[in-house]
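I have placed the structure first, in the form of structure tokens, so that the comments after it can refer back to it.
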Amino acid sequence: MPLLDFLDPQAVLPALRVSGKKQALQEISSHAAKLVGLSESTIYEALLQRERLGSTGIGEGIAIPHGKLPGLTRIFGLVARLEKPIDFEALDGQQVDILFLLLAPEGAGADHLKALARVARVLREPGLVERVRATRDANALYAIMTEMPKAA
């Protein structure tokens with residue numbers, strides 16, 4: 001099974017231009033809405049609500065905005081590499097340049113948490129984030145995020 005089998009091949013934004021956190025959340029909400037068939041405002045509001053609980057900026061330039069949504073039938077992932085890092089109120093104070101949006105059905109429960117943990121684990125793979133930051137190609141970025149880990 002690929003590492004992030006819930007990452008949609010069309011949900012890869014290799015050079016997103018945004019000036020701040022709210023704009024970043026709006027842009028990824030807009031892109032996700034087209035792929036999952038929900039309204040942009042529904043997704044955006046769910047993400048904002050989650051951010052009010054505390055930033056999803058997990059450190060080292062990475063944020064994992066996420067939410068559960070009624071009407072969603074599967075776990076959905078989107079990855080965005082930002083043209084310029086932005087303030088995301090991350091736990092370590094660093095600016096963020098990699099976003100991984102994770103949306104889950106309202107009743108996903110533990111599956112949502114497992115998917116979040118998997119994203120965090122993948123983004124902590126040695127060398128992976130550097131490869132993500134080095135590419136400007138959507139296909140290459142998708143391959144980096146979904147390839148099988150090298151056998152030790």
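Each residue takes its place number in the sequence, starting with 1.
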Hits for side-chain contact (heavy atoms from CB on, under 4.5 Å) against Asn139, two or more places apart or cross-chain, chain-then-number order -> Asp137
Quick one, Asp5 and Thr146 - any side-chain contact, counting heavy atoms below 4.5 Å?
no
The side chain to side chain donor-acceptor pair (under 3.5 Å) partners of Ser19 (sequence neighbours excluded) come to Gln23
State the CE-CG distance between Met145 and Leu128, to the nearest 0.5 angstrom.
6.0 Å
Shortest non-hydrogen pair, Phe88 vs Gly57, comes out as CD2-N, 4.0 Å
Please report the closest heavy-atom contact between Gly77 and Leu7, naming both atoms and the distance.
O-CD1, 3.4 Å
I'd like to know whether CD of Gln49 has more than 12 heavy-atom contacts from other residues, nucleotides or ligands below 6.0 angstrom.
no
What distance do Glu147 atom CD and Glu125 atom CD have between them, rounded to the nearest 0.5 Å?
9.0 Å
Contacts table for residues 93-103: side-chain donor-acceptor under 3.5 angstrom, sequence neighbours left out:
from, atom 1, to, atom 2, distance (Å)
Gln94, NE2, Asp92, OD2, 3.4
Asp97, OD1, Arg133, NE, 3.0
Asp97, OD1, Arg133, NH2, 2.9
Asp97, OD2, Arg133, NE, 2.8

Can you name the nearest heavy-atom pair linking Ala32 to Leu78, along with the distance?
N-CD1, 4.1 Å
Would you please name every residue forming a side-chain contact (heavy atoms from CB on, under 4.5 Å) with Leu35, sequence neighbours left out?
Gln10, Ala11, His31, Phe76
Does Thr56 reach the side chain of Arg50, with side-chain heavy atoms less than 4.5 Å apart?
yes
Rounded to the nearest 0.5 Å, what's the gap from CD1 on Ile86 to NZ on Lys22? Could you check?
13.0 Å
Using 0.5 Å steps for rounding, measure from the CZ atom of Arg131 to the CG atom of Leu141.
10.5 Å
Any side-chain heavy-atom pair from Arg124 and Ile58 closer than 4.5 angstrom?
yes
ring-ring contact (aromatic ring centres under 6.0 Å, His included) against His112, all qualifying residues, sequence neighbours excluded:
His66
Provide the closest heavy-atom pair for Ser39 versus Ala33 in the form atom of the first, atom of the second, distance.
C-CB, 3.9 Å
Does Glu83 reach the main-chain N or O of Val18 with its side chain, forming a donor-acceptor pair under 3.5 Å?
no
Nearest heavy-atom approach of Ile43 to Ser29 is CG2-OG, 3.6 Å
Does the Ser30 side chain pair with the main chain of Glu40, one donor and one acceptor, at a distance under 3.5 Å?
no
Show the nearest heavy-atom pair for residues Pro105 and Thr73, with the distance to one decimal.
CG-C, 3.8 Å
Remaining members of hydrophobic cluster (4.5 Å side-chain criterion), Leu53:
none
